[in-house]
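For reference, the structure is listed below as structure tokens.
The analysis underlying the following values was restricted to heavy atoms, covering all of them including side chains, and did not include hydrogens, waters or symmetry mates. Nothing fancy with the numbering, it's 1 onward along the sequence.
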Amino acid sequence: MADSQLKQCQWNIRSSQYLGEISALCFLHLPSHLSSFPFLLAGTGSQVLLYDLESSMMIKSFQVFEGIRVHGLICSLLDNTTLACKVVVCGEKRVKLFNLTFELVSKSNTQSEFCVDLCLIHSLPRFTHWVLDVLFLKDHCLAIGCSDNSVHVWDMLKFSLVLQVPSPDRCLLYSMRLWGDNLEALRIASGTIYNEIIVWKVICQHDSPTSTSSVKGCMNLSSSNSNFAKCYDQQYKAVHICRLVGHEGSIFRIVWSSNGVKLVSVSDDRSARIWTIHDHDDRREIVGPVLFGHSARIWDCCISDHLIVTAGEDCTCRVWGLDGKQLRMIKEHIGRGIWRCLYDPNSSLLVTAGFDSAIKVHRLHTPVCKTLDLGGDADSEDIIEGAQISTTCIPNSMEHAGLMDSKSEYVRSLYFKCEDTIYVATNHGYLYHALLSETGDVKWTELVRVNGEVPIVCMDLLSASLSRNNCSIDDWVAVGDGKGNMTVVGITGNPSSPKVAFTFAWPAGAERQLLGTYWCKSLGCRYVFTTDPRGVLKLWRLYDPLISVCQDSQRISLIAEFPSSFGIRIMCLDASFEEEVLVCGDLRGNLILFPLSKDLLLCTAATSGVKISPLSYFKGAHGISTVSNISVSRLSHGQVEIRTTGADGCICYLEYDKDQESFEFIGMKQLKELSLIESVSADFKSADDLANCNYAAGFASTDFIIWNLMTEAKVLQIPCGGWRRPHSYYLGDVPEMRNCFAYVKDEIIYIHRHWLPGGGKTKFPRNLHLQFHGREMHSLCFVSENSQVQGNEEENLVDKSSWIATGCEDGTVRLTRFASEMENWSASKLLGEHVGGSAVRSICFVSKTHIIPSDVSSTPGLEKGQNDTSDGKQNTCLLVSVGAKRVLTTWLLRNRSLDKEEEIYPEQKLNRCETGCKPTVKQCSSMSFRWLSTNMPIRSPSMEGKEKTVSAANKISSLDSDAKTESIFIEKEGTKSKTCLVNKYEDDWRYLAVTAFLVKCAGSRLTVCFVVVACSDATLTLQALVLPHRLWFDVAILASMPSPVLALQHAVVPFYNLTQISSTYLVISGATDGSIAFWDITESVKTFVQRVSSLNIEKFIDCQKRPRTGRGSQGGRQWRSLNSSMSKRRFGGDSVTRKAGDVDNSDSNITPDTSSELNDLQKRSKNCSQAKHDTLLEPETSRTDSLAEICEIQPIRVMNNVHQSGVNCLHVSGDFQGSENCYLLNIVSGGDDQAVHCLQLKLTLSSTELDAKVVTSETIRSTIQSESIENIVDCNNKNQAPNHIRFLNQYRIPSAHSSAIKGIWTDGTWVFSTGLDQRIRCWLVGEHGELTEHALLIISVPEPEALDARACGRNHYQIAISGRGMQMVEFFLPKQ
């Protein structure tokens, strides 16, 4: 659409729901026949959300303010006849009165829903001070308390001020709470800035003609509104009741009890205090218990007749008795803490909300904590209503009286089959079946006793309901005893009368050498594993038990032995029959991968134990902590995904590629609430999607915990003494409603069962609102597998949902989905965390791969416009995040689509049972990223660059020369003092901005991600990540800037002709001194890609690694450099990939030519922390040889004083002008000076006419509002087609915003900008770069920090803003 037509069109702009802090909560009680639970009103940003707590659904959201945060909500009693109530919303100095109406609409004969409407009744004028509390009084009055310690009484019928009474103690307040139902009973508690509480009231004064009420304040307030009535009532005054002293910090919240006798206050001193107020002649106050327990400031509190609830900055919500004893502690929020808590005594519902945007609902019960004398800590016990707690003993121990001795029988292991059945093994060799009744009684059945009456040391269960076997046996129980014998028992019959169908035993190891036995669900009941202390895993085949044979040994055959590479005990395993792999985890956090061929499994001939060597292994997958659980799932042909859990509290994800023989770490989720994760579970529909985990079960200290991974809420917590005691658990489809846990203490088995029937009660806890970042966000970007949609293209159905990646102050990176059809945020998943929780400052998404011809002179195979990989595989999509401590992390977009192939299990082939069902592999298309690599340079790039640099031309010539040419190394002389000085401040350095792009050489399998990062020490570095090997290289340093760079952008400008494709790679930077610089990095990019693509570096590099966790897992040691990996390959050195059969003399396979070329790159490879440590131990001469020259690139143009202060944001868009064979770039910037700057420049291939012109190098003055520029800059490099950059037009709007501009975006047609003024402004770009404002919107995001936008269809844009929260804005042209 032409610019003239766009100017004439009326564009619409609208905001969606704000995703950020919850700042206000209020219950709304409906009649009991309509809802058993109250409704909930929540204030977030400038909006009010209405929730139905019974269905946990949001009914509707309402916009109540513009740019003002809602911090107070109060509802009047609901009129049961009209189903309407009044709602007062306050924010800062504003108060609005609304009418909330409900209408029950029938959808069908059996279903009905509420139709809700919120209508504005009156908006009170702006007060002179902040409004702290509001209270409904009789006679249609409204009491409003302000921060100047005054109370205003309003008539809601006449909308006039009736009374204004100041407190006799005039001071500023942090908090205020009103109590009473009329003016005579009104009590005010004011929390002052002097850490004390002033309690006062308003009384009628009949004997004095004067009044203490302030008429002056009333006149000032009503001067602008004719509806105000002048305050001539002289009959009320403020009377001091008492002063409460005791807090040592600011008082953030005060609440009254329902009878107005007790006060609860919370403070900055991390304490809550209970006060008793006697409003008699003596006016005494009684100081009650002081509640200590929070480790940070307490933000909110509430009180009922039986308990007190506090919520604080430590993200905990604590429930206390009136005697000051802590009854319960809930910790499920993240970030800056819980800001609001609310308790309803009628329904026992506790609601918490905080900075992380989550609203969590718990149900408390009376008594809150039903403690059983189990030796646990009652404070941490979390008992769910309806849970059955019972105790029992094994049959023989019931007959034993007195204390246990060496001959006493006790439980060695136990295993839940289902919610009412447990298998128990003892030290006397007995195997029992226990049936649990609803009344708590237990029916014991003795099944077998192993030969020799030796203790059973291990047990595993394979149930017909959990496996894919097709035989008539219900349960297969495998037990191992202390003599090294294995016993397999088959159980049939109903649970009340189980029967032993068969039992057979065989010697599986030496005495005291059999430590574990394992079934594998994917292999079925015909295969069982055993393990010993030395890490040798044995696979046994079980033949049909119905076949009559003379001896048990003929039923069993040893198929194979799998010796571990580490010689450490195997703790868990899983296998994939289709991909023929077996994965094991050991006691020290290592993973070993073995081949498991189908021929080996399906071969019926008798075979002796064949020793099978590992395919690969991963050392330290869980650091030095035990691997507790492994799950294997097929991704595609030749690829499997592996999920592991361990005693480091982490869930790890790995991939094995059979073709590439690579075993790679792809992601990790850290649960700070659990120190040991025993297993994770998902629903049946997503069983094959290992990334889709719903619940985690494990231990934190001595407590067993079930954790909801989706809502980040604790489901169950039971003190049990820790994981070392025999225990078992069983989770139903909804663990909040169906869970069982049993553990052993001494000789007693304690059983906790909570099992509600289907369609039972509502499950708690619940998460009403999406959980998001708990701190401020500094950056965001749209994420899409497809390339950017242009603003003039038709809208695609796929583009209706948007994914946004965000980086937060706490170091987390999240991926959040916005559903346009619902205008709401629908999902948010945590991708990972930066090392040590270092803040994420900038983030960018890379999806387009640029092709560099392998032969610069000609590229006949590439046609015009071809810019993707030519191998037909999925295009690489990366997410790059940088931040504090110079952490650079990359994430790779995962493709979850699986091959549509039929799964065939070994049992189906063995039994040859045709069931008519063809099991299929589930397909999942949800977007997700996997962790790819983290780069933390130990040596500062500025140090290397400033010690010795060479010009770009010299560097290029040295790269093009023979690889055997001696390189120039950095000299040591005179650098020691500088090194010490730089290292002193190295920890304070941080990355401030990042931009990245992908490049691939035609015909090469390698892809290079070039990353430009700006550091706080005013340096810019060009780094390269070589994929798929995850190798980092320093490519170049962009010449040092006088000031740190805050914003970075890049532009890849392609030029096409008949013989070649020539692209120019530009970097644009904006610094804190207001300057914008342009850099041409084309030659460095092309030279590096061509050199790397000609090498087979995968033969020499161990590129596997694990991200650091900071939890003592010892994982995350970075990979070795090229030098160290080739010269120091020794077993067990680092957390790296190894293949079976690797030897130490692998360097002998390097050819001379390849070795010399590789040597050149070795010097530019980044060393890891371990390699650096090794280097420091070497002599000084060898350390010198490990350093390499880093070239310095000078800017082609620096535009000074574009902004009067820092350039906070930049964005670049380009358009190819086919008629002129040139490329037009539009560059927009915003700064602290509140100005928006737009610059247009044109890139063309050089010609004779352009070469004849005189090139001036003077900088462009940006103080002129509109100016035509005709300066030409040459970008002539000898190995590429020469280009010219012509600076055309610039346009500057001095006061585009009323405060600093933080985010800006353009596509060449529109410019969107936002600033600290909480405004989004939409500008139309003219033909000569001039900007015309077309739309303005006030957003709810406080302190915006970043903006990104995308065109999602013809004349339709989505704009995302982040700061203290996130919000989506849509800018569109209405359809005719």
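- Heavy atoms from other residues, nucleotides or ligands lying under 6.0 Å from CG of Leu77 number 12 at most.
- Among pairs with a residue in residues 333-352, those fulfilling salt bridge (Lys or Arg N to Asp or Glu O under 4.0 Å) read Arg336-Glu776, at least two apart in sequence or across chains.
- Between Val70 and Ser46, the closest side-chain pair of non-hydrogen atoms is not below 4.5 Å.
- Taking the six-membered ring for Trp and thresholds of 30 and 60 degrees, Tyr174 and Phe252 have ring planes more than 60 degrees apart, a perpendicular arrangement.
- Taking the six-membered ring where the residue is Trp, Tyr51 and His769 present perpendicular rings, their angle passing 60° and hence far from 30°.
- Using a 4.5 Å cut-off on side-chain heavy atoms (C-beta onward), Gln1367 and Pro1344 make no contact.
- Only one option out of Lys360, Lys714, His362 pairs with Glu332 in a side-chain hydrogen bond (donor to acceptor under 3.5 Å, both in side chains); it is His362.
- Val48 places none of its side-chain heavy atoms less than 4.5 Å from the side chain of Val87.
- You'll find the side chain of Leu349 stays beyond 4.5 Å of the side chain of Leu40, heavy atoms only.
- The shortest distance between side-chain heavy atoms of Leu124 and His152 does not fall below 4.5 Å.
- Considering CG of Leu132 and OG of Ser150, their distance stands at 9.5 Å, rounded to 0.5 Å.
- The pair Lys331-Glu673 does not count as a salt bridge, with every side-chain nitrogen at least 4.0 angstrom from each carboxylate oxygen.
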Task: CA sep, side-chain torsions, deciding dist, call: Phe102, Phe39, ring pair (Phe, Tyr, Trp, His ring centres under 6.0 Å) - done: CA-CA 12 Å; Phe102 291 84; Phe39 278 32; 5.6 Å; yes
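- At a threshold of 4.5 Å between non-hydrogen side-chain atoms, the residues Leu186 and Leu135 count as touching.
- By the 30° and 60° cut-offs, the orientation of the rings of Phe355 relative to Trp339 is perpendicular.
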